[in-house]
Student: 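For reference, the structure I am asking about is given below.
We name chains A, B, ... by the order of the sequence lines, and we start the count at 1 in each one.
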Amino acid sequence: MTPNSNLQSPGADLLPGLLKKLDNATQQLGDAPDFAKPARLQPVMDIARRVLLQTGGCAAIEDRAERLERAGVFAGSDWAQPAILVPSLSGLSLKSADATTVVIEALSQLRMLAVAKSRYLHEGLSPVAARHFLTQVLALNLALLFGAPSEAERETQGRLAQIPRELFQHLATRIGFEHIIDELINEIWRILQQRPIQVEPVKQMITQISLCQSNPEIDLGTSGQGANRLVSALFGPTQACHEDPGVDVYQQRLESMDTAALQYEATGFARAMHDTGLVSPYHAVLLNHLAGQSDQLVAEALGLSATGRDCLLCFHDLIQAIIESSLMPTTAQGIYGLALMLERGILYQPPIAPALWRQLGLTLSDWSQARLFAAFGDSVPYRAKLMESVLSMLGQPLGIGQGNNPTCQSARALSMWSYNDPDYLLQMVTWAARDDEIVMHFEGQRISSKECVAGVAQTLPLDLDAVSLLVVPHLDRIYGEMGRQCIGREGDPHQWINPEFHGWWTGRGFRINVDVATGHLDDLDAFVRHFYASYHPGYNGNQPLIHPQPAGIAITDSAARFIGWHAISILRAATDPNGEMRIYFYNPNNDGGQDWGNDVKVSTAGNGERFGESSLPFAQFASRLYIFHYDPLEHGKLANVTQDELSEVISMIENSWGATRLPPTGAQASQSPTL
Amino acid sequence: MTKDPNKGYIALLGWSLNAVEAAETFDRRYIVVAPDWAEEYCQQHNIPYLSWNFERLNDRSMEIAETLKEKGVDVAIPLFEETVEWAGAINSVLLDNPRLYGQSLLLRDKALMKRRAQLGGIRVGIFEEAHDKEDVVRFLKRVNQTLLKLDGDPNDPIHLKAFDKAGCLGHRVIRTPDEVDTIPDEEFPVLMESHLDGWEFAVEAWIHNGKIVFLNVSEYVTLGYSVFVPASPELEKYRAQIHAQIEKLIKAFDIEFGLIHPEYFVTSDGEMYFGEVAYRPPGFKVFELLERVYGFNAYQASMLVFDPNSTEEEVKAFFPKEVVDADGFAGCFGVYPRRRVVSELRIPEEVEDHPYFESHELTPPAEETVTKRTAFGTHWGLVYFRGEDAHTLRDTLKAQEDLDYYI
């Protein structure tokens, strides 16, 4: 009686039927007047989701990309302006538990593909830009390309987890694996130039490349050559370990080497490490082999200059103890921290060496051990793991990152202390790791992290280095408590919190260009001129900045729209190699290189930046600044900034994050002719 | 869509986004008459709008009719049960035909409606008004006596419905006197009907100049759960009889134009029983289903047959040929959560993978505890299916009743 019942049989090819439905739903969406589009969108998204789950579904959507966009699937969302989309956010969208987010992201990328392949002439996006975008997305999400869904993805996404994989397979086949790999390599170098402390994600990407290279099914063509330095830095930087023989074999080989051979190994490791900021596990094997044998060779293996070598010789016993107790193949990254710490000469500050001895013998509280176990497991002794992180912090103050947590204030404080007051940092680590308590004072009131209720972060972060892992929860709670004590005061609480939280060197003078009560921009003219007077060497009597100063930034996206307030520290103002005055600053965000819209692109290399510094031309920086501190005893006078530069800064503010904050009168004033 | 000034100017009574969308893309001028909460939306989207709160008819009722007349509106179309008598009142002024108001009152009261149908020679079941619980018990007993049941035999159920509500709202089935106690007092008065064992179906008929111009039969798979169009061949074989029944109905109610939505039972011996008739679009998104298989917009069809300026040629050209022009069958299923506690919406995989599955309009649960259903209750959203074979579709819709969409 039911001749068509075979349609129900499982495994039948559903795609033709689904595409008919999709075309129908797309047509309805396209025909609908604007007000009716939202209701017509849901069927399109739902059917598209099912199409994407079918073999050949991505190709079918690519064919329909133009029709879908014209019908209005992206209308009213960020995806409607493909030029502003950020590759690094795509991965998050694709891993979302919300089907609509996953589907719209997939549709958008297939649209990009159609544009990149010149099948769809898009008014807002060039084929070159589309291709660039896609290669970046793929490079950033290699795990989605090659790996099976993780348990977490399966749990949150269920079947949806297949979509990003189908999508990436399709994209990679259409674009070619070779382009992805090259893009990925550039991305890795860009991140490494900022010398982050946490290199795990980078290591994972390099491992992915290495796996691709050795997979006979993937034809990389001529691409991937630039990866050799990266792969070798991790897996075989020197002659005696270039084929990645395993640490035991390498240890045996070392036993039979003479001084010249060891010397050769040592320089090989040092070069790889300073080239990339990455340390190979073999490096730790060598260093332990050399420690106690020859300071000369240890200095060589750390790649030290005269300063570092001097420091090493002065504190010979301490360094040897650190190497032997804490630097093993699993904590090899600490070697880079050690080398840079020696180079900074901070061991010559009297408290540092004894503080490090204390660190070496520190007893960790149960809670600290539990935290370290949760983040790193127990394959590495906790104390060694913590020491590795301490060395990294002391060696790379600007490499500290906040992870995926709203704790920029705490990360900034750690960075500032490491930079400026390292023995205070060591004290903090001790209190947190040994005593589970940090005490600070706020306007004479004692604040204990034990007694505070909650900080900014809702949950305890895990994606951090060992020091941050232990210290940040305390700092975050104290910061939160200081905020609570300011409730009821007029004005922005940072003016009281920042000096008490970060250190005496934070200027007690405070300037903000937003009226806290109304949220409107407030007296931009004086704010900008005061900032120039305090920080710009051309207006402050050529005085270089002495201490890093906390400052507040209005972060904008690549379309110059306001995203949120963010804590950074200003490190210095200086002319770059082209003679342009720039502000160099530290951004606790994990990747400083960001596009803040309207051509404000934060640079992290190539404009005179030191490792870990971000920089912007002075005026551009001023246009995103909303809070700064100054010494109230200095500089009463506002700078005579030229009208042109002043107007430029103010216009950049008003055309980005300030656009929605114009005070009623301000809007008028800016419209009236110059008085 | 550019509007043709030679064609009618139509007022839509009540707020329905789909109706507005249809009007916006049709060649007739229109205006939405809806409560003031729709005002902001209409202004924002440039939708012609007139604010009116449809409470009971009162002294001000003439005001809306005259306002629309001044604007040059030709006819008003009711979109919901509650606006049917308003349309009658307004159209009696706009079309200068006082009978239209009386007609609308007949169509609004289920008891009056049945009497009128009976007078017109249409078969109806046994029915009575109930003012309190005692009336219900008496009716239940009497009906079962008529059926020659003895004490102790299981009763045939009776149906209770509100006089003036749409579809399944307030619809209860009563089998024993004990169940009568569960009826809240505020639901009275109600209409009581004997239960008819048979095949229940609905009809959507568009009428122009007193003649049926398009007749669709909607087949219920399970009342209150699922419906599909066009009906299966087994039901469509009654089409000629159904056509004759609708003509009787048109005559009995003196309907010249518009869309009617009656419900019937056909018993095993092929006898048709009239259930009720509504003068407004059906629920369960039957309009959407019709568009899916026939390709015409049913709201536009209604605007066409209501519009006094429409010509016979235009009407004839608009409608496809019933059944033969349908491209497959389309149906929908109303989802009710089956568990007492639910935390998420999950479309069952067998539905996702079913070639007939089109889309759904379900949303994730707002609360974890499912309110106990009273009467037939309200479903949580519809799931749409479309396919080539009526029986596969019917079986699929039936199978949905055993699936959990909310877990």
Side-chain angles (χ1 to χ4, degrees), chain A residues 1-55 57 76 97-100 103 155-160 162-163, chain B residues 1 16-26 32 38 41-47 232-234 288 291-293 295 297 327-330 344-347 349-364 381 383-396 399:
Chain A
M1 284 302 286
T2 54
N4 289 328
S5 61
N6 61 338
L7 277 173
Q8 260 181 310
S9 68
D13 187 8
L14 296 171
L15 192 58
L18 281 171
L19 290 176
K20 216 175 140 196
K21 294 181 207 290
L22 180 64
D23 291 341
N24 202 300
T26 311
Q27 179 80 34
Q28 287 207 323
L29 175 67
D31 290 347
D34 282 346
F35 63 81
K37 283 201 192 288
R40 299 279 175 214
L41 184 58
Q42 189 49 41
V44 176
M45 300 304 283
D46 197 48
I47 299 167
R49 175 180 58 79
R50 283 180 282 147
V51 169
L52 289 167
L53 284 168
Q54 307 295 321
T55 315
D98 175 48
T100 307
V103 171
E155 182 59 32
T156 53
Q157 286 194 302
R159 260 189 175 192
L160 269 182
Q162 281 177 36
I163 290 184
Chain B
M1 182 100 183
S16 153
L17 189 60
N18 286 339
V20 180
E21 182 184 344
E24 182 69 32
T25 51
F26 200 41
V32 174
Y41 187 88
C42 290
Q43 274 175 355
Q44 218 177 336
H45 297 97
N46 279 326
I47 298 168
S232 63
E234 291 74 22
E288 302 251 322
E291 182 165 8
R292 198 66 190 88
V293 289
N297 183 301
D327 174 23
F329 297 84
E344 64 170 304
L345 164 68
R346 190 179 290 171
I347 309 298
E349 289 203 359
E350 55 257 65
V351 176
E352 287 256 314
D353 293 339
H354 199 289
Y356 282 19
F357 173 50
E358 293 243 304
S359 60
H360 69 83
E361 48 191 44
L362 299 167
T363 49
V383 185
Y384 294 91
F385 296 85
R386 187 192 157 279
E388 308 306 320
D389 180 63
H391 302 115
T392 311
L393 180 63
R394 183 191 59 205
D395 297 345
T396 307

Student: Checking heavy atoms, do the side chain of B/Tyr384, its backbone, both or neither come under 4.5 Å from chain A?
Tutor: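 Contact with chain A involves no heavy atom of B/Tyr384 at all.
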Student: Among A/Asn24, A/Leu18, A/Leu22, which residue forms the greatest number of heavy-atom pairs with chain B at distances under 4.5 Å?
Tutor: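 Sorted descending by pairs with chain B, the first entry is A/Asn24.
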Student: With a 4.5 angstrom heavy-atom cut-off, could you sort out which part of B/Asn18 is near chain A: side chain, backbone, both or neither?
Tutor: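 The side chain, not the backbone.
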Student: Report which part of B/Glu24 has an atom under 4.5 Å of a heavy atom belonging to chain A: side chain, backbone, both, or neither.
Tutor: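 Side chain only.
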Student: For chain B, which residues from residues 31-40 of chain A have at least one heavy atom closer than 4.5 Å to it?
Tutor: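 At a heavy-atom separation under 4.5 Å, chain B is reached by A/Asp31, A/Ala32, A/Pro33, A/Phe35, A/Ala36, A/Ala39, A/Arg40.
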Student: So what's closer than 4.5 Å to chain A heavy atoms on B/Arg292: side chain, backbone, both or neither?
Tutor: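 Side chain only.
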Student: Measuring heavy-atom distances to chain A, does B/Glu291 have an atom under 4.5 Å in its side chain, in its backbone, in both, or in neither?
Tutor: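 Only the side chain of B/Glu291 comes within 4.5 Å of chain A.
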Student: Are the side chains of B/Phe357 and A/Asp46 in touch, meaning some heavy atoms are under 4.5 Å apart?
Tutor: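 The answer is yes, as the side chains (C-beta and beyond) meet within the 4.5 Å cut-off.
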Student: Taking every non-hydrogen pair under 4.5 Å, which of A/Gln28, A/Arg50, A/Gln42 racks up the most with chain B?
Tutor: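 Of the candidates given, the most pairs with chain B belong to A/Arg50.
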Student: What part of B/Ile347 lies closer than 4.5 angstrom to a heavy atom of chain A: side chain, backbone, both or neither?
Tutor: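 No part of it gets close to chain A.
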Student: Please state whether the side chain, the backbone, both or neither of B/Glu344 comes within less than 4.5 Å of a heavy atom of chain A.
Tutor: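 Neither the backbone nor the side chain of B/Glu344 comes within 4.5 Å of chain A.
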